[in-house]
Number of protein chains: 2
Amino acid sequence: MEISIGRLSAETGVKVPTIRYYEQIGLMAKPPRSEGNQRKYDRAARERLRFIRHARDLGFPLEAVRELLSMSGAPGDPCAAADDIARRQLAEVELRIARLTALREELQRMLGQCAHGTISDCRVIEVLGNHDLCQHTHQADHRHDAA
Amino acid sequence: MEISIGRLSAETGVKVPTIRYYEQIGLMAKPPRSEGNQRKYDRAARERLRFIRHARDLGFPLEAVRELLSMSGAPGDPCAAADDIARRQLAEVELRIARLTALREELQRMLGQCAHGTISDCRVIEVLGNHDLCQHTHQADHRHDAA
DNA sequence: CTAATTCCTCTAGCAACTAGAGCTTCAAGA
DNA sequence: TCTTGAAGCTCTAGTTGCTAGAGGAATTAG
């Protein structure tokens, strides 16, 4: 049951260059190669990659994923540490939701008051130029790409 | 009313290297320099930087900020474009809130079921290893630093 | 057997900064 | 006036988590 990197990619939903990247940073082990130097993966590698993918989907940063992986290899250890990582992740997510919710309100207010005239009386531009017009203090999470 | 970069930083909440970075990418104009080659800013620069800061706090990407700035310099133009940018930003924010809310639930469920025993029966690790145990499909926004 | 696809390595780029090295200038106190 | 320490300067490189492209070798379908 040896599969190519392309196959592994299709089966896990992780893109090929990303798999190679994970190998490069030591998150995935270097797999054996074929005659012609191509990577060959086994079931264990696929499971590991699925685990990574899932953790990433849940928003865990790679460093946390690394820790979780090392724990998953030590079944006898207490699970408090894993619990703790997940708890911190939850706190992160909640913080971000709170921030984004404040942003949403501000944006809605801004848009709701826009008279659709010219820039000179545009609420959007005006509010941006003068924070005093805001209801909340706000601070975005500054990152943008969606997964 | 000429102020140093440090002063400008203190008055706007934008860090000194960030101001220089904005200059480098052409978001802020190159200011005049003192005898000894130090940047000197005026009121207009401060207002512009405040505008940028505020837009960033609301989560607008730098490219959008650039557009908004150029609009704010053309008071006679119709405001539909500014409106549109803000509307798109709002849609972005709403999407991210929806995703994060799904994640939060998943994490809560994971944590709620944790028996605090050993890794071998840790729900956190188990769920990560097997997506079928999930209630939702989820996909994070993958980015993390908070502002 | 050939042609299309997939694979390889390597470097560089993305957003939006942040950090550090190694140097110069400025402001304030003695 | 001198001095010292903070703040300024430029430049390069690093951060996170990938993604894109060049230029070539291997594999696989027909």
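For the numbers below, each heavy atom of this structure counts, side chains included, while hydrogens, waters and symmetry mates do not. Below, chains carry the letters A, B, ... as their sequence lines are ordered, and counting in each starts from 1.
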Participant: Tell me: CD1 of B:Ile25 to C1' of C:dA15, nearest whole Å?
Facilitator: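 Taking CD1 of B:Ile25 and C1' of C:dA15, I get 10 Å after rounding.
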Participant: Are the charged groups of B:Glu23 and B:Arg20 less than 4.0 angstrom apart, N to O?
Facilitator: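 Salt bridge absent between B:Glu23 and B:Arg20.
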Participant: Quick one: NZ on A:Lys40 to CG on A:Leu8, what's the gap to the nearest 0.5 Å?
Facilitator: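 Interatomic distance, A:Lys40 NZ to A:Leu8 CG, rounded to 0.5 Å: 11.0 Å.
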Participant: Heavy atoms under 4.0 Å, any strand shown: does A:Arg39 hit a base, just sugar-phosphate, or nothing?
Facilitator: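 Since only primed, P, OP1 and OP2 atoms lie under 4.0 Å of A:Arg39, the category is sugar-phosphate.
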Participant: Go through the steps to decide whether A:Arg53 and A:Asp57 satisfy the test salt bridge (charged side-chain N to carboxylate O under 4.0 Å, His left out), and finish with yes or no.
Facilitator: CA-CA 6 Å; A:Arg53 166 91 214 262; A:Asp57 279 350; 3.4 Å; yes
Participant: Need to verify one output field. Residue with the more 5' nearest nucleotide on DNA chain D, A:Glu63 or B:Gln24?
Facilitator: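 Comparing both residues, the 5'-ward one is B:Gln24.
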Participant: Do the side-chain N or O atoms of A:Ser4 get closer than 4.0 angstrom to the phosphate oxygens (OP1, OP2) of C:dT6?
Facilitator: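 Checking A:Ser4 against C:dT6: no side-chain N or O falls below 4.0 Å of OP1 or OP2.
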Participant: In whole angstrom, what separates A:Arg20's CZ from D:dA20's P?
Facilitator: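 Rounded to the whole Å, the gap is 13 Å.
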Participant: What's the closest nucleotide to the side chain of B:Tyr21 if the choices are D:dC18, D:dC9, C:dA16?
Facilitator: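 Of D:dC18, D:dC9, C:dA16, C:dA16 is nearest to the side chain of B:Tyr21.
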Participant: To the nearest Å, how far apart are A:Glu23 CD and C:dT9 C1'?
Facilitator: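 That distance rounds to 12 Å.
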Participant: With a cut-off of less than 4.0 Å, is there a side-chain N or O of B:Thr18 near OP1 or OP2 of C:dT18?
Facilitator: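 For C:dT18, OP1 or OP2 has a side-chain N or O of B:Thr18 closer than 4.0 Å.
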Participant: Rounded to whole Å, please give me the gap between NZ in B:Lys40 and P in C:dC26.
Facilitator: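 To the nearest whole Å, that distance equals 8 Å.
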Participant: For B:Glu35 and C:dT24, give me the distance from atom CD to atom P, rounded to whole Å.
Facilitator: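 Distance, rounded to whole Å: 18 Å.
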Participant: Provide, to the nearest angstrom, the distance between the CG atom belonging to A:Asn37 and the P atom belonging to C:dC10.
Facilitator: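 After rounding, the gap between these two atoms is 10 Å.
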Participant: Going by an N to O cut-off under 4.0 Å, is there a salt bridge joining B:Arg66 and B:Glu63?
Facilitator: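 Salt bridge: yes.
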Participant: When all nucleic acid strands are considered with a 4.0 Å heavy-atom cut-off, which category describes B:Ile5: base, sugar-phosphate, or nothing?
Facilitator: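 Sugar-phosphate only.
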Participant: Mapping A:Gly36 and B:Val16 onto DNA chain D by nearest heavy atom, which one lands closer to the 5' end?
Facilitator: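 Here B:Val16 is the residue nearer the 5' end.
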Participant: Considering just the side-chain nitrogens and oxygens of A:Lys15, establish if one lies under 4.0 Å of OP1 or OP2 belonging to D:dC18.
Facilitator: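 For D:dC18, OP1/OP2 do not have a side-chain N/O of A:Lys15 under 4.0 Å.
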Participant: Taking only side-chain N and O atoms of B:Arg66, does any of them lie within less than 4.0 angstrom of OP1 or OP2 on C:dA15?
Facilitator: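 Looking at the OP1 and OP2 atoms of C:dA15, neither is under 4.0 Å from any side-chain N or O of B:Arg66.
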Participant: Rounded to whole Å, how long is the line connecting atom CZ of B:Arg53 with atom P of C:dA16?
Facilitator: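 The answer, rounded to whole Å, is 15 Å.
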Participant: Return the value, rounded to whole Å, for the distance between atom CG of A:Leu27 and atom C1' of D:dT16.
Facilitator: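 Value for this atom pair: 13 Å.
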Participant: Hey, is the side chain of A:Arg7 poking within less than 4.0 Å of OP1 or OP2 on C:dT5, counting only N and O atoms?
Facilitator: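 Checking A:Arg7 against C:dT5: no side-chain N or O falls below 4.0 Å of OP1 or OP2.
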Participant: Report the residue (B:Gln38 or B:Leu62) whose heavy-atom-nearest nucleotide on DNA chain C is the more 5′ of the two.
Facilitator: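 Nearest-nucleotide comparison on DNA chain C picks B:Leu62.
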Participant: Quick test of your reading of the model: are B:Arg87 and B:Asp83 salt-bridged, counting only N-O distances below 4.0 Å?
Facilitator: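 Judged by the 4.0 Å cut-off on N to carboxylate O distance, B:Arg87 and B:Asp83 do form a salt bridge.
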